[in-house]
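A single structure is presented below for examination.
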Amino acid sequence: MKRFSWLIPTIYILFLMLPIYWLITMSFKTTNEILGSFTLFPQKFTLANYKTIFTDPTWYWGYFNSIIYVSLNTVISLAAALPAAYAFSRYRFLGDKHLFFWLLTNRMAPAAVFALPIFQLYSSVSLFDTHIAVALAHTLFNIPLSVWILEGFMSGVPRQLDDTAYVDGYSFPAFFTRIFIPTIASGIGVAAFFCFMFSWVELLLAKTLTAVYAKPIAAIMTRTASTSGYELGLLAAAGTLTIIPGAIVIYFVRHHIARGFALGRV
Amino acid sequence: MNKPVNQKAWLFVMPVLVLVAFNAIVPLMTVVNYSVQETFGNNVFLWSGLMWFEELLRSDRFQDAFVRQLYFTFTILAIQIPLGIIIALAMPRKGAWVSVCLVLMALPLLIPWNVVGAMWNIFALPEIGLLGKTLNNMGFDYNYTRQAGAAWATLIVMDVWHWTSLVVLLCYAGLTSIPDAFYQAARIDGASSWAIFRYIQLPKMKRVLTIAVLLRFMDSFNIYTEPLVLTGGGPGNSTTLLSIDLAKKALGEFDLGPAGAMSLIYFLVILLASWIFYTLMMKNEEQ
């Protein structure tokens, strides 16, 4: 029994890789080959699909747009969440528990509920179709998530650290930036990873808030699929390219990823 | 740990409060506003009381979508949670393979949701997709664009593919927090592997499992992009879950009143679930 236990994760990983494999192979095929015959490997290996993406500005700007608003969102979310998480982990104050719970409800709220009113809200302050609009809208779920994750990590740091620093004559800002932030660096890394991740994978709000100038790559894919019929190879190539940033960042946080999903509470 | 009371902490929370309130409270109030009004265009709104709520709760369309949603959520929970536990138990604890497993398993979680839908759409196409072609070659009549049953099965398998890793990662984190001494003691007592699972591993995983179940419950309740791209809610309405139905109403048909009422009912369900989640988690933390 024990000897064969490696089989289970292996089969599971194979199952995970199959659709990804199919996407990647398809991205190297010509449209004729995709529609005309069923082949496990590309018979006529082509890079034409990737070439289209890298030479057509509407395609590659999609990637820049996504990366711009995802980065903006990560910076805004963390900057706002750090002091708040500190307050929650170190002090009691009027309404703290309710506030903490209210934050959580926003992490859980369905984006479909907010899509239309958020569109109207950002249009009325003339931020529609800007990167900052998507970045701000995504703080709806990324700030609560960051606060929860950071609070979990900060509560693991004993209060004595704070007290010792004050005795040593540190002011609060000096203590916070020079001692506290380095201490919880891994927590900040995990929170940043999750902000990146959820902003990167979310599409409903990003699509609703953009038209031309800030359109995310994922939305451009959907448009291509519907307007120009079945350019499956191109679709597959664009999809493959969206997997790469995720694969890179996972590698850096692989040991902490579970703690992040547990909202900092493993 | 006793935390000191300090009302100045509110200043630290302010930026978060302002940002989230801007994104959450203003839109929510807009929704509340719509839900009690009737409009004939031209920005003329009339008070309509609870009319939309009554109409919605009685409508077959909403009830069907709600039942479908519950059915979907409980099916994926019933598959993902046990499967996640089994895989986490079988995973290696030490060595180079751990990193490889973790990275490969986390990969589906980092793929944009519409790419997940598009990927499965292509993968399952009956004529040219690997899965669809293989099933048809094996003699199954499988076409998810036309058969409601096949569409459901594809949707469930896609969600298992997408999210089981979350359960695996959480359980794995719980399992690795068990000290070796526990296992040694169990071995000395001659405990069976079932006893080890039941009395050592399962209690240690309780906390993370609570989180896994509730996160999966709520995220599957909110699922929108993946089924939309995979099946578009069809064939017919067979895979139209709550979010898809709501987006159709609000963004497609621009039925603001009914969409507002639906949003609020939807939101209340989520609120209730969040509250249960919060209470359970805080109880876990006190122990």
Side-chain angles (χ1 to χ4, degrees), chain A residues 5 8-9 12-13 16 19 22-23 26 34-35 38 80-81 83-84 86-87 90-94 99 101 103-106 108-110 112-118 120-121 137 139-140 143 147 197 200-201 203-204 218 222 232 235 239 242-243 246-247 250-251 254 257-259 261-262 266, chain B residues 3-7 9-10 12-13 15-16 19-20 23-24 26-27 30-31 86-87 90-91 99 101-108 110-115 118-120 122-123 128 130 133 161 166 169-170 172-173 208 211 218 222 224-225 243 246-247 250-251 263 266-267 270-271 274 278:
Chain A
S5 68
I8 299 172
Y12 177 64
I13 287 175
L16 292 186
W22 197 242
L23 188 79
M26 202 168 253
I34 293 171
L35 295 177
F38 180 80
Y86 184 79
R90 290 296 188 258
Y91 302 112
R92 276 186 297 150
F93 48 94
L94 195 67
L99 196 61
F101 171 66
L103 282 177
L104 181 76
T105 62
N106 289 306
M108 303 302 180
V113 166
F114 289 107
L116 178 67
I118 278 192
Q120 293 172 323
L121 176 65
T139 60
L140 172 68
I143 282 187
V147 171
M197 165 182 165
W200 181 255
V201 297
L203 190 71
L204 179 56
T222 326
L232 284 177
L235 194 73
T242 63
I243 299 178
I250 289 176
Y251 181 77
R254 62 193 181 281
I257 198 172
R259 193 163 171 193
F261 274 117
V266 170
Chain B
K3 294 187 264 189
V5 178
N6 181 352
Q7 302 300 352
W10 265 101
F12 282 12
V13 187
V16 163
L19 274 170
V20 181
N23 276 314
V26 179
T30 318
V31 172
I86 291 169
I87 294 166
M91 256 174 76
S99 289
C101 279
L102 287 176
V103 171
L104 288 179
M105 284 183 187
L107 200 55
L110 260 288
I111 300 176
W113 293 341
N114 73 316
V115 177
M119 185 193 288
W120 274 85
I122 298 171
F123 185 59
I128 56 173
L130 184 59
K133 185 78 176 172
W161 177 88
L166 172 71
L169 290 173
L170 286 174
Y172 184 72
V208 280
I211 294 175
M218 275 174 270
N222 296 347
Y224 171 76
T225 314
S243 269
L246 176 59
L251 301 171
S263 298
Y266 195 171
F267 196 68
I270 295 289
L271 209 61
S274 299
Y278 185 73

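In what follows, chains are A, B, ... by sequence order, proteins preceding strands, each numbered from 1.
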Please round to the nearest 0.5 Å and tell me the distance separating atom CE of B/M119 and atom OG1 of A/T242.
7.0 Å
Heavy-atom proximity to chain B below 4.5 Å, by part of A/L116:
both
Applying a strict 4.5 Å limit to non-hydrogen atoms, the region of A/W22 in contact with chain B is side chain
How about B/I111 and A/V201: do any of their side-chain heavy atoms sit closer than 4.5 Å?
no
Quick one: what part of B/T225 sits under 4.5 Å from any heavy atom of chain A, side chain, backbone, both or neither?
side chain
Region of A/Y12 in contact with chain B, defined by heavy-atom distances below 4.5 Å
side chain
With a 4.5 angstrom heavy-atom cut-off, could you sort out which part of A/L121 is near chain B: side chain, backbone, both or neither?
side chain
Run the ring pair (Phe, Tyr, Trp, His ring centres under 6.0 Å) test against A/F93 and tell me which residues pass, sequence neighbours left out.
A/F88, B/W10
Does the side chain of B/I86 come within less than 4.5 Å of A/I8's, by heavy atoms?
yes
Which pair of non-hydrogen atoms, one from A/G239 and one from B/V115, has the smallest distance, and what is that distance?
CA-CG1, 3.8 Å
Taken to the nearest 0.5 Å, the spacing of B/L271 CG from A/L104 CG works out to 9.5 Å
If you count heavy-atom pairs within less than 4.5 Å of chain A, which of B/P15, B/P4, B/A247 leads?
B/P4
Chain B contact via A/L23 - side chain, backbone, both or neither, heavy atoms under 4.5 Å
side chain
Quick one: CD1 on A/I13 to CG on B/L107, what's the gap to the nearest 0.5 Å?
10.5 Å
Take B/V20 and A/T139 through the side chain to side chain contact (heavy atoms under 4.5 Å, CB included) test and state the conclusion after the steps.
CA-CA 7 Å; B/V20 181; A/T139 60; 5.7 Å; no
Which pair of non-hydrogen atoms, one from A/A84 and one from B/V13, has the smallest distance, and what is that distance?
CB-CA, 4.1 Å
Side chain, backbone, both or neither: which part of B/P108 has an atom under 4.5 Å from a heavy atom of chain A?
side chain
When the 4.5 angstrom heavy-atom criterion is applied to B/W113 and chain A, the contacting part is both
Measure A/I143 against the heavy atoms of chain B and call it side chain, backbone, both or neither at under 4.5 Å.
side chain
Interface check, chain A: of B/L102, B/V5, B/T30, most non-hydrogen pairs under 4.5 Å belong to B/V5
When only pairs under 4.5 Å are counted, which of A/A137, A/A87, A/P83, A/P19 shares the most heavy-atom pairs with chain B?
A/P19
Do A/L16 and B/L104 have side chains that get closer than 4.5 Å, going by heavy atoms?
no
Go through the atoms of B/I270 and report whether side chain, backbone, both or neither lie under 4.5 Å from a heavy atom of chain A.
side chain
Interatomic spacing from OG1 in A/T105 to CE in B/M218 - rounded to 0.5 Å
10.5 Å
I need the minimum non-hydrogen distance between A/G246 and B/L110, along with the two atoms involved.
CA-CD1, 3.6 Å
Highest number of heavy-atom pairs under 4.5 Å with chain B among A/F114, A/Y251, A/F101 belongs to A/F101
Closest heavy-atom pair, A/L140 versus B/A24, reported as atoms and distance to 0.1 Å, is CD1-CB, 3.7 Å
Part of B/S263 lying under 4.5 Å from any heavy atom of chain A
both
Side chain, backbone, both or neither of B/V103 within contact of chain A (heavy atoms, under 4.5 Å)
both
From B/N6 CG over to A/R92 CZ, what is the distance, rounded to the nearest 0.5 angstrom?
11.0 Å
Between B/I122 and A/M26, is any pair of side-chain heavy atoms under 4.5 Å apart?
yes
Taking the side chain as every heavy atom from C-beta outward, state whether B/P112 and A/L203 have any atom pair closer than 4.5 Å.
no
